[in-house]
Number of protein chains: 2
Amino acid sequence: MEITRKAPIGRPRGFDADEALEQAMMVFWEQGYEGASLTALTGAMGITRKSMYAAFGNKEELFRKALERYTEGPAAYAARALEKPSAREVATAFLAGSVSTTTRPGCPAGCLGVQGSLAAGDSGRAARDALIAWRDDGRDRLRHRFQRAVDEGDLPPGADPELLARYIMTVANGIAVQAAGGATRSELQEVADAALRNWPPV
Amino acid sequence: MEITRKAPIGRPRGFDADEALEQAMMVFWEQGYEGASLTALTGAMGITRKSMYAAFGNKEELFRKALERYTEGPAAYAARALEKPSAREVATAFLAGSVSTTTRPGCPAGCLGVQGSLAAGDSGRAARDALIAWRDDGRDRLRHRFQRAVDEGDLPPGADPELLARYIMTVANGIAVQAAGGATRSELQEVADAALRNWPPV
DNA sequence: AAACTTAGATACCGATCGGTGCAAAACAAA
DNA sequence: TTTGTTTTGCACCGATCGGTATCTAAGTTT
């Protein structure tokens, strides 16, 4: 069949693009968008600048793809938390996931979605804005989940899904900052527990 | 009197060093340590590179001095909060100050102590570590204040000053991240209120 | 085999990075 | 004024920034 095509024409690339992207994610995670130079990135990825540009576009697109990978990998706890049966379990799992991901041995301390770029010069604006959108998206999902909980009677009628979502996101962001500063997993889990102690209904 | 000296010898500098430092602080606040270029800094300060180096040393020392100024200016709410008569008022004032400083019109959104440098490349490591120490210092002061509150019976005997300090600092850090992402003052004050709803004794 | 297409390595691009050398200018002390 | 000291403006430093041109190697297709 002329429709089937098992291999693309031309010389096949000599590296695993997924593995290279994983390494790029780690560098962005550890050094931030502006702090991660192409030399550091391609060095960790094990490929040349030219191969990186051919496979991923440019530094900004590489960052976006690394962020996608982060979302599906280290930050997948968020999607899993949203599927918990009750709002309380959603909040608990979200914060617990945040704690464990920001303090995982072998990975940079903190959260790529926070320290990737909070404040930036002109060259980092796009990355910063992408991360703002990323965090907003996470908050939106929490809000919709909590709204559903209100609708289902899982949360009291007076509960404010918008506020609850922002509250959980704020604590998670704070946990990320604390982790970047060297806080340990158990210290942060205690903070997460404390933050949930007033979960409605109190 | 040969002791008195009204003017230093040599040509007097043609700019106000305090005012220049204030402007440098604003640039670091908005763009972060790595994102703030010497061109942007000296441009905002209204002086040349040479004058900046003569007056402040280098970029790293300028950042340290800008951070000191930030501590005594925009972040002075922290020291004021620590002087409140009760632990509850300390916590309330600390978070309220955090909210108002990170969302002050005319100033960059967020907190210099957080977004100045969370993750950095080699050139920004010193600034990042300085900010970690800065946040640790703030947490230490909160912890000592809460320990005093326990000793004085202002907090219940079972209260954990270490945990309470880290909890408040975590929420403040989260507020800073949220503010950097465009959250409004009233939204964040609601979050601060929610975070204090389970203040001991519950 | 030849023709075609793409990956990889090297060397390089202009721009910008943080930081300086130099000489004119502006003040105090003499 | 003369001398000494410091600031200032400008040009410039080597290094690194993100991004590319070029040529060769390694595959597929015909």
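Proteins come first, then strands; the chains are lettered A, B, ... in the order of their sequence lines, and each starts at number 1. Computed from a predicted structure; not experimentally measured.
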Point to revise | Spacing between B:Leu62 atom CG and C:dG19 atom C1', to the nearest angstrom | key: 13 Å

Check your understanding: B:Arg128 and B:Ser117: side-chain hydrogen bond (donor to acceptor under 3.5 Å, both in side chains), yes or no, with the steps?
Key -> CA-CA 5 Å; B:Arg128 186 201 58 177; B:Ser117 179; 5.8 Å; no

Review point. With under 30° as parallel and over 60° as perpendicular, where do the rings of B:Tyr70 and B:Trp29 fit, or are they tilted in between?
Key: perpendicular

Practice item. Rounded off to whole Å, could you give me the CZ-to-P distance for the A:Phe63 and D:dC17 pair? Key: 18 Å

Check your understanding: Taking atom types as modelled, is there a side-chain donor on A:Thr184 or A:Glu187 under 3.5 Å from an acceptor on the other?
Key -> yes

Check your understanding: Going by atom types only, do A:Ser86 and A:Glu89 share a side-chain donor-acceptor pair under 3.5 Å?
Key -> yes

Check your understanding: Near DNA chain D, which residues from residues 37-61 of chain B have a heavy atom under 4.0 Å away?
Key -> B:Thr48, B:Lys50, B:Ser51

Check your understanding: Rounded to the nearest Å, what distance is computed from the CZ atom of residue A:Arg13 to the P atom of nucleotide C:dA9?
Key -> 14 Å

Exercise for review: List the steps, then state whether salt bridge (Lys or Arg N to Asp or Glu O under 4.0 Å) holds for B:Arg148 with B:Asp151.
Suggested key: CA-CA 5 Å; B:Arg148 197 187 97 195; B:Asp151 296 343; over 6 Å; no

Check your understanding: Can you tell me if CZ on A:Arg141 sees more than 12 non-hydrogen neighbours from other groups inside 6.0 Å?
Key -> no

Revision key, fill the gap. When B:Ala36 and B:Arg11 are each assigned the nearest nucleotide of DNA chain C, the 5'-most assignment goes to B:Ala36

